[in-house]
Amino acid sequence: MAAVGEKTTRRRVSTSILAAMALVHTMCGSAAAQEKPAVSKDIIVTLLGTGGPEPTPTRFGPATLVQAGGLSLLFDAGRGVTVRLYQLGMSSGKGIDAVFLTHYHSDHVSGLPDLWMTGYMFGPFGERAKPMRLFGPSEGSSVPNGVTRIAKGLAEAFSDDVSIRQTDEHITAAATQIETHDFHGDGVVFDEAGVKVTAFAVNHGDLIKPSVGYRIDYGSRSVAISGDTKFDENLIKHAAGTDLLIHEVFATSAQLAELPQMKPVADHHTSPEQAGAVFSRVKPKLAAYSHVLHLGISSDEIASRTRSAYQGPLIVGEDLTRFIIGDDVIVRKWNPELRRYPD
Ligand SMILES: [Zn+2]
Ligand SMILES: [Zn+2]
């Protein structure tokens with residue numbers, strides 16, 4: 001009887017905690033940011049994190065949410081991705097249909113364990129019923145079987161949490177599993193509900209392979225995400241004519257550029273002038289910077305330096321900047337005081 005009583009008490013407590021969490025979730029989330037937007041012809045892209053390795057509160061780690069055809073696809077899972085999803089009123093579990101990684105630098109994957117484990121918990125921020133679907137490149141000698149190896153490592157590293165929550169909270173085994181999809185070379189890696197995801201190799205440096213960008217097509221709409229890359233012809237080829245091009249950028253002041261330790265970093269990334277040259281060739285309806293690494297210079301300076309090679313539409317993205325890709329690309333800036341996008 002004692003066991004039954006304990007169980008009943010625990011369930012009551014759990015129920016009240018969940019009710020409280022749901023209330024908080026509703027307060028933090030936004031009616032405008034529905035977990036599953038109505039299926040339309042548009043693609044909705046939200047920059048969840050626009051920074052790099054630096055643990056700054058203003059730019060979380062790289063992560064981009066692409067919603068189309070009733071699907072919510074996440075590209076990279078940098079630091080703080082679960083927090084940004086929560087701000088949108090989205091679950092890290094049932095809210096995400098698939099996760100795609102560009103490469104295995106820590107800033108792009110450090111939020112993945114959190115996404116995975118928070119996603120299988122009870123509560124409105126979790127409740128994933130099926131395995132988390134994880135896609136990533138696997139070629140080159142340095143990282144064989146990229147996402148499969150990560151999934152095995154996560155299962156091993158966090159086996160205590162998995163087993164405790166399965167026995168204590170009766171979370172299903174399926175919810176704690178990761179379904180891995182390693183892919184090789186350029187090509188379509190995902191094609192569901194009219195949403196096609198194409199991966200293409202990018203040049204992040206000779207030692208950082210594999211490293212890819214992605215293009216997402218839905219009907220006549222499209223968005224390309226550079227991943228981390230230097231100026232790259234293969235990116236220009238695959239992104240050509242896309243509606244929205246989200247590109248990384250690295251820029252320092254002239255003084256910092258003289259430091260010897262800056263050279264290897266600069267060698268792995270794209271300068272504003274080089275990105276301008278890319279944008280001039282791709283000719284997107286809108287070019288947007290994310291993975292914004294700027295040391296000693298402002299966002300405005302990044303934009304003005306880009307202008308030396310590109311005169312078209314350009315925005316330096318911020319966390320939670322949203323793009324609605326219809327006939328035109330509409331930009332929505334998150335209002336932190338209202339905790340939603342302005343009407
Ligand atoms: Zn990076
Ligand atoms: Zn990188």
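Ligands are counted one by one from 1 in listed order, and the atoms in each one are counted from 1 as well. Any value given below was found using the heavy atoms of this structure, including those in side chains, with hydrogens, waters and symmetry copies removed. Bear in mind the structure is a predicted one, so any value in this text is a computation, not a measurement.
Annotation: E156, atom CD; neighbour count of heavy atoms from other residues, nucleotides and ligands within 6.0 Å does not exceed 12.
Excluding waters, the set of protein N/O/S atoms under 2.8 Å from the Zn ion (ligand 1) reads D107 OD2, H108 NE2, D228 OD2, H291 NE2.
Aromatic ring orientation, H105 versus H204: perpendicular (interplanar angle above 60°, classes split at 30° and 60°).
Of the charged side-chain nitrogens involved, none lies within less than 4.0 Å of a carboxylate oxygen, so that D217 and K196 do not count as a salt-bridged pair.
Look at H204 and the Zn ion (ligand 2): an N/O/S atom of the residue is under 2.8 Å from the metal.
At a cut-off of 3.5 Å, with distance as the only test, no side-chain donor of S92 or T82 sits close to an acceptor on the other residue. A donor atom on one side chain and an acceptor atom on the other are not found under 3.5 Å apart for E248 and T229.
With hydrogens and angles disregarded, no donor-acceptor distance shorter than 3.5 Å links the side chain of D114 to the backbone of V81.
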